[in-house]
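Below is one structure, written out as structure tokens; comments come after it.
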Amino acid sequence: MQPASSMVPPPMAAAPQYQQQWMPQQPQQAQPAYQVPPPQQSGYYYQQPPPQGGAPPPQQQQQSQCTASAAQPTSADEIRTLWIGDLQFWMDEQYLYNCFAQTGEVVSAKVIRNKQTQQSEGYGFIEFNSHAAAERNLQAYNGTLMPNIEQNFRLNWASLGSGEKRSDNGPEYTIFVGDLAADVTDYMLQETFRANYSSVKGAKIVTDRATGHTKGYGFVRFGDESEQLRAMTEMNGKFCSTRPMRIGPAANKKSAGGQMQG
DNA sequence: TGTGAGCGC
């Protein structure tokens, strides 16, 4: 049980000049020397079994080996890339790749950098070999601890790079949630509310950009205003993880539903 | 206690 030295963040060192994209030298390599332990399946109560009846199990479902002329995404179903945010400055392409390498489904990893300073912009993209693989990794890793740092993966579908994403249906109504414990993740907060309110669209824990540590508060977005209002009273004081939540109205600076007046 | 922000040349 020795931590791989290549995964340890450098104390302070100038970042070397990396390529814009990183991928393994051999795509069908048996097993890389570096291995990342799988994410801790803590078995949260909000984990739900995969839906059955319709979708085949995500096993070795070999799609057609898209070799050359089949690389034209015609719809959003073909998206195979995930967006990853809240990256530290030392998290390079190889670090990201190693995070998902044990699944054997990652194709490439990329950190977006400033062209002049080569410093990380704090986000990147992970490309997988199929849409199903990307979705599996999104579900498995999002909200779990990243290697060698007390910070959670913040993953999402890469939407803006591949054309139009399916537009949201209608306005959103956001609430502020404070007094959150340090281990509360986006997904945990979202599912805590979704268990009671079907119109929950998502949740966001606010983290410090420099350290990636939570600031102890976040936001939950609803699609239905009545559920937003109900949640503000019904969920106030309810426990999420180890602490009771304190809920208040969100001071939306962007287009909210209709709660702003004057 | 406290009111985010994140899409690639």
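Keep in mind that what you see is a predicted model, and the values were worked out from it rather than measured. FYI, side chains are in, hydrogens and waters are out, and symmetry mates aren't considered; it's all heavy atoms of this structure.
Rounded to an integer number of Å, the gap from CZ of A:Phe219 to P of B:dA5 is 9 Å. The nearest whole Å value for the distance from the CG atom in A:Asn156 to the P atom in B:dG8 is 14 Å. Here B:dG6 presents its C1' atom at 17 Å from CZ of A:Phe153, a figure rounded to the nearest Å. Taking atom CZ of residue A:Arg209 and atom P of nucleotide B:dG2, one finds them 24 Å apart after rounding to whole Å. Between the P atom of B:dG6 and the CH2 atom of A:Trp157 lies a distance of 21 Å, rounded to the nearest Å. Regarding A:Leu155, its CG atom lies at a distance of 12 Å from the C1' atom of B:dG6, rounded to whole Å. For A:Phe125 and B:dC7, the CZ to P distance is 8 Å, given to the nearest whole Å. Between the CG atom of A:Leu96 and the P atom of B:dG8 there is a distance of 17 Å, rounded to whole Å.
The listed nucleotides are B:dT3, B:dG6, B:dG8; the one nearest the side chain of A:Thr81 is B:dG8. Each of B:dG2, B:dC7, B:dG8 was ranked by its minimum atom distance to the side chain of A:Tyr217; first place goes to B:dG2.
Nucleic acid contact for A:Tyr123: sugar-phosphate only, since backbone atoms but no base atoms lie under 4.0 Å from a heavy atom of the residue. Note on A:Lys204: a base of the nucleic acid sits closer than 4.0 angstrom, heavy atoms only.
Each salt bridge (charged side-chain N to carboxylate O under 4.0 Å, His left out) pair with one or both residues in residues 241-251 of chain A, not counting sequence neighbours, appears once here: A:Asp179-A:Arg246.
Using a 4.0 Å cut-off between charged side-chain N and carboxylate O, A:Lys204 and A:Asp186 make no salt bridge.
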### Task
Kindly indicate, with the supporting measurements, whether the criterion ring-ring contact (aromatic ring centres under 6.0 Å, His included) is fulfilled by A:Phe153 and A:Tyr187.
CA-CA 11 Å; A:Phe153 280 105; A:Tyr187 187 73; over 10 Å; no
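A syn base is found at B:dG4: its glycosidic angle is within 90° of 0.
Heavy atoms from other residues, nucleotides or ligands lying under 6.0 Å from CD of A:Glu234 number more than 12.
Shown here for A:Leu145 and A:Ile149, the closest heavy-atom pair between the two residues is CD2-O, 4.0 Å.
Of the two residues contacting DNA chain B, namely A:Leu180 and A:Val206, the nearest-nucleotide position lying further toward the 5' end is that of A:Leu180.
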